[in-house]
Amino acid sequence: MQVPLVNLQAQFAKLQPEIFQKLSDIFAHTEFIMGRHVEEFERSFADFCKASNAIGVANGTDALMLVYRALGLERGDEVIVPAHTFIATVSPLVQLGIRPVFVDIDPKTYLLDFDRVREALTSKTKAIVAVHLYGQAAPLDRLKSLADTHGLLLIEDCAQAHGATWQGKPVGTWGEVGCFSFYPGKNLGAAGDAGAIITDDKELARRLRLMLNHGSETKYVHTELGLNSRLDALQAGILSIKLRFLEEWTQQRRENAKYYQQILQGIPGLVLPLEDPAAKHVYHLYVVQVPEHRDTVVAHLHSAGVGAGIHYPIPLHLQPVFQELGYTAGALPHTEAAAQRILSLPLCPELTKSQMDYVAETLKKAVLASGKGA
């Protein structure tokens, strides 16, 4: 049996007629840049997130870059971030001359450890980036309180958490801004790169719209240096269609995760995901920890047709590109331990119980075999 990590083909097959009709309309009217399709998606996504403004951008990395600039972060400032995240959270900071201060994770949730964040504060700290990894929100009430107490910005990286909540409030609405990616494999994915920023700050939204369009509100008049980071109308049209199904897809992801929790219980040494009671986990990824020999387990799964992945095998503080920041192995023990053991199992709304049964059976065999030195 073949069980892909994500089944985009099955998702597309259900939506193909409507998507093709939407694309045909866009081509018929040659509305490729900005325009009504982008505006329609921005309104719908803002409503979905319960935010006042949504600003479409070219991708999630640009969303973060634009936000870091628009909020006034400058060379020499420090920003607290987890090292257990994708590089896009941090690379724009470094490119702007801002120092990322990496902190360790809570080993149970893989999210920012609040106590470590508090310990990392210095006179140079200007912001905290809360990454809602794998679909679960970081402890936003405490992070928001800490940020407010110390006059810091709270920026939310929601790239894996479309529709997630903390204490019933959507991610992206706790801090100054929420940054989203619509990379094809996300819970809400485009047919290429796309992203968005949400905020309740009207003036910040205006400035972000200026910056994403070459620093221009009036054609050929540029009031500051910006980027070419406009959300493509073709992607916006596709996202508007998919957004209508996101709640349904999220519920199916949660049901599939619940089924995994049941059928994986008996595997020796396997650590299953923990859902914080304050969070609505949207399960972008279903991440377990294997007891030992993770790479051997992955190889076994792949050979049996199970599309397992690792998110992420090398923590950011140990990445070669960030060597000049001065971190060494052992600096963030929980982050480094997780990177050696984590394993992402196939999860998507289209996954069937028979496929999950096969994944569980194959994983059990792989774990048992690895324990015997296979």
Side-chain angles (χ1 to χ4, degrees), residues 33-75 77 79 81 88-98 126-132 144 147 152-159 161-162 170-183 186 188 190 192-233 235-236 239-240 243:
I33 303 295
M34 313 296 277
R36 62 188 174 102
H37 297 286
V38 173
E39 293 169 2
E40 175 190 349
F41 172 69
E42 288 177 336
R43 287 194 300 269
S44 298
F45 192 64
D47 289 344
F48 175 81
C49 295
K50 296 181 171 59
S52 300
N53 305 278
I55 303 99
V57 295
N59 55 69
T61 307
D62 278 5
L64 289 159
M65 172 67 85
L66 287 161
V67 161
Y68 295 154
R69 287 182 55 188
L71 289 175
L73 296 174
E74 299 176 342
R75 181 174 297 275
D77 289 344
V79 173
V81 293
T89 306
V90 172
S91 55
L93 292 172
V94 177
Q95 290 171 8
L96 293 170
I98 301 160
K126 295 297 188 293
I128 302 167
V129 180
V131 179
H132 308 310
K144 175 63 173 172
L152 306 176
L153 299 166
L154 177 59
I155 300 166
E156 297 181 61
D157 182 340
C158 311
H162 313 69
V171 298
T173 63
W174 285 79
E176 276 68 28
V177 289
C179 300
F180 290 82
S181 166
F182 304 123
Y183 183 80
K186 304 296 187 185
L188 177 63
D193 278 316
I197 303 162
I198 62 171
T199 182
D200 288 332
D201 187 326
K202 183 178 180 180
E203 175 55 27
L204 179 59
R206 185 201 67 79
R207 181 141 188 261
L208 287 165
R209 292 187 188 282
L210 174 80
M211 293 174 65
L212 69 87
N213 190 29
H214 296 289
S216 174
E217 288 181 302
T218 303
K219 193 170 185 178
Y220 302 133
V221 178
H222 307 273
T223 56
E224 66 174 282
L225 290 176
L227 303 177
N228 177 7
S229 187
R230 298 174 296 229
L231 173 61
D232 191 279
Q235 301 299 347
L239 288 167
S240 289
L243 182 58

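Quantities reported herein were computed from a predicted structural model and do not represent experimental measurements. Basis for what follows: all heavy atoms, side chains included, without hydrogens, waters or symmetry-related copies.
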Does any part of the side chain of [Y], heavy atoms only, come nearer than 4.5 Å to the side chain of [X], both counted from C-beta?
| X | Y | result |
| --- | --- | --- |
| L188 | L239 | yes |
| N228 | H214 | yes |
| R230 | L212 | yes |

Applying side-chain hydrogen bond (donor to acceptor under 3.5 Å, both in side chains), name anything that partners [X], two or more places apart in sequence or on another chain.
| X | result |
| --- | --- |
| E224 | R207 |
| T199 | none |
| E39 | none |
| H162 | none |

Which residues pass the salt bridge (Lys or Arg N to Asp or Glu O under 4.0 Å) test with [X], not counting sequence neighbours?
| X | result |
| --- | --- |
| R209 | E42 |
| D77 | K126 |
| E217 | R206 |

Check your understanding: Among all residues two or more places apart in sequence or in another chain, which pass the ring pair (Phe, Tyr, Trp, His ring centres under 6.0 Å) test with F45?
Key ->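 Here the qualifying residues are F41, F180, F182.
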
Check your understanding: Which residues pass the side-chain contact (heavy atoms from CB on, under 4.5 Å) test with K144, sequence neighbours left out?
Key ->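 Only D148, L154, W174 meet the side-chain contact (heavy atoms from CB on, under 4.5 Å) criterion with K144.
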
Practice item. Could you list the residues that satisfy side-chain contact (heavy atoms from CB on, under 4.5 Å) with A159, not counting sequence neighbours? Key: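 Expected list: D157, S181, K186.
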
What's the shortest heavy-atom distance between [X] and [Y], and which atoms?
| X | Y | answer |
| --- | --- | --- |
| A190 | A194 | CB-CB, 3.9 Å |
| I198 | A54 | CG2-CB, 4.0 Å |
| V171 | A161 | CG2-O, 3.4 Å |
| H37 | A236 | O-CB, 3.6 Å |
| N53 | A46 | C-CB, 4.1 Å |

Measure the spacing between [atom1] of [X] and [atom2] of [Y] and express it to the nearest 0.5 Å.
| X | Y | atom1 | atom2 | result |
| --- | --- | --- | --- | --- |
| I55 | M211 | CD1 | CE | 11.5 Å |
| I33 | L231 | CD1 | CG | 9.5 Å |
| L243 | C49 | CG | SG | 8.0 Å |

Exercise for review: May I ask you to decide if G172's main-chain N or O and E156's side chain share a donor-acceptor pair within less than 3.5 Å?
Suggested key: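 Answer holds: yes.
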
Extract all donor-acceptor atom pairs below 3.5 Å that involve side chains of residues 56-69 and protein atoms in other chains or at least two apart in sequence.
from : atom 1 : to   : atom 2 : distance (Å)
N59  : OD1    : T61  : N      : 3.1
N59  : OD1    : D62  : N      : 2.7
D62  : OD2    : S229 : OG     : 2.8
Y68  : OH     : T89  : O      : 2.8
R69  : NH2    : L225 : O      : 2.5

Practice item. Please lay out, stage by stage, how V177 and L71 fare under the test side chain to side chain contact (heavy atoms under 4.5 Å, CB included). Key: CA-CA 10 Å; V177 289; L71 289 175; 4.2 Å; yes

